[in-house]
Amino acid sequence: MFLPAGEKQFEFWILRRNGLPNINIAKHFGVSRQAVSRALLSMDKRIEETLLEMARANRIEVQKLDSKKGILFGRSVPFKANAIIFVSAKHGMQVWYEHEGECGSCERYRECIELLWDFAEEMQLKLQSTEDPTKIADELFEKLKESIEQAY
């Protein structure tokens, strides 16, 4: 299952991830709070299944999964590196491996910068300004780990 970007359930999920309470989501869409709750339970399950399938497909051992935030932390077996799989409203399902790169000479430099900054914005996280995608990723994913640990 890839992300149902146009579906109302996914919109509910994104709004909840952004901190909007179920009752406000219900009012915004003119539906009952129970309808929102049922839709979110269904979406959480779909997100979790997709994260786990991506982990299996990429041979990533799961360490921590948060379906409400759309994040899976793990370790890549073949690459022997930490990995994160995450749901971005703008970029879809993404897999990022912890690595030291030669970012300045990489043809995907701009793509990586955009992905990381967009996801930080989606997650409402402030990052230090830097030009190095590996440092941005390290900071972003450390802040995500902290926010998930604080939530539980």
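Small disclaimer: the values here were computed from a predicted structure and weren't measured. In this chain, numbering begins with 1 at the start of the sequence shown. Scope of the values below: all heavy atoms of this structure, side chains included, with no hydrogens, waters or symmetry mates.
Atom CG in L15 sits 9.0 Å away from atom CG in L40 (nearest 0.5 Å). One distance of note links CD of E121 with CG of L127; it measures 10.5 Å at 0.5 Å rounding. To the nearest 0.5 Å, atoms CZ (R33) and OG (S37) are separated by 5.5 Å. To the nearest 0.5 Å, atom CG of residue D118 and atom CD of residue Q94 are 10.5 Å apart. C103 SG to K135 NZ: the interatomic distance, rounded to the nearest 0.5 Å, is 10.0 Å. Note that the NE2 atom of H91 and the CZ atom of F119 stand 10.0 Å from one another [nearest 0.5 Å].
Taking 4.5 Å as the limit, some side-chain heavy atom of D138 sits within range of a side-chain heavy atom of E98. L52 has its side chain within reach of V62: a pair of non-hydrogen atoms, C-beta onward, lies under 4.5 Å apart. With a 4.5 Å cut-off on side-chain heavy atoms, Q124 and N18 count as touching. With a 4.5 Å cut-off on side-chain heavy atoms, F12 and M43 do not count as touching. Side-chain contact between L72 and I84: absent, with no pair of heavy atoms (C-beta onward) separated by less than 4.5 Å. Using a 4.5 Å heavy-atom cutoff, the side chains of M93 and F86 are not in contact. Two residues are said to be in side-chain contact when any heavy atoms from C-beta on lie closer than 4.5 Å; W96 and L115 meet this criterion. In this structure, the side chains of N82 and F141 stay at 4.5 Å or more apart for every pair of heavy atoms.
Ring geometry for Y97 against F79 counts as perpendicular: the plane angle is over 60°, on a 0 to 90° scale with 30° as the lower cut. Ring geometry, F10 versus W13: the interplanar angle falls under 30°, so the pair is classed parallel (tilted spans 30 to 60°).
Residue V77 is not grouped with residue I85 when hydrophobic side chains (ILVMFWY) are merged at heavy-atom distances under 4.5 angstrom, including chains of intermediate members. Under the 4.5 Å side-chain heavy-atom criterion for Ile, Leu, Val, Met, Phe, Trp and Tyr, L20 and I23 are members of distinct hydrophobic clusters. Following chains of ILVMFWY side-chain contacts shorter than 4.5 Å, one cannot reach I47 starting from L41, and the two form parts of different hydrophobic clusters.
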If you apply the rule side chain to side chain contact (heavy atoms under 4.5 Å, CB included), what do you find for V95 with I60, and how did you get there? CA-CA 10 Å; V95 180; I60 295 171; 3.9 Å; yes

F73 and I148: CA distance, side-chain angles, deciding distance, side chain to side chain contact (heavy atoms under 4.5 Å, CB included) verdict: CA-CA 11 Å; F73 290 98; I148 289 171; 3.6 Å; yes

Step by step, would you call S76 with R59 a side chain to side chain contact (heavy atoms under 4.5 Å, CB included)? CA-CA 6 Å; S76 168; R59 300 187 56 213; 5.9 Å; no

Yes or no on side chain to side chain contact (heavy atoms under 4.5 Å, CB included) for I71 and M123, after CA distance, side-chain angles and deciding distance? CA-CA 11 Å; I71 300 169; M123 298 304 294; 4.0 Å; yes

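In this structure, R46 pairs ionically with E7, as a charged nitrogen and a carboxylate oxygen lie closer than 4.0 Å. A salt bridge links K143 with E139; the closest basic N to acidic carboxylate O contact falls under 4.0 Å. Residues E149 and K64 are paired through a salt bridge, judged by an N-O separation under 4.0 Å between the basic side chain and the carboxylate. Between R16 and D44 there is a salt bridge, since a side-chain N of the basic residue sits under 4.0 Å from a carboxylate O of the acidic one. E53 has a carboxylate O that lies under 4.0 Å from a charged side-chain N of R56, or vice versa, which qualifies the two as a salt bridge.
Formation of a donor-acceptor pair under 3.5 Å by the R75 side chain with backbone atoms of A83 is not found in this model. Here the side chain of N58 pairs a donor or acceptor atom with the backbone of M54 at under 3.5 angstrom.
Screening R17, K90, K69 for a salt bridge (Lys or Arg N to Asp or Glu O under 4.0 Å) involving E122 leaves a single residue, R17.
The two atoms that bring P133 and L116 nearest to each other are O-CD1, 3.4 Å, heavy atoms only. Contact between V31 and A35 at its shortest, heavy atoms only, is CB-CB, 4.4 Å.
Within 6.0 Å of atom CD in Q34, more than 12 heavy atoms from other residues, nucleotides or ligands are found, so the atom counts as buried in its surroundings.
T134 is linked by a side chain to side chain donor-acceptor pair (under 3.5 Å) to D132, counting only residues two or more places apart in sequence or in another chain.
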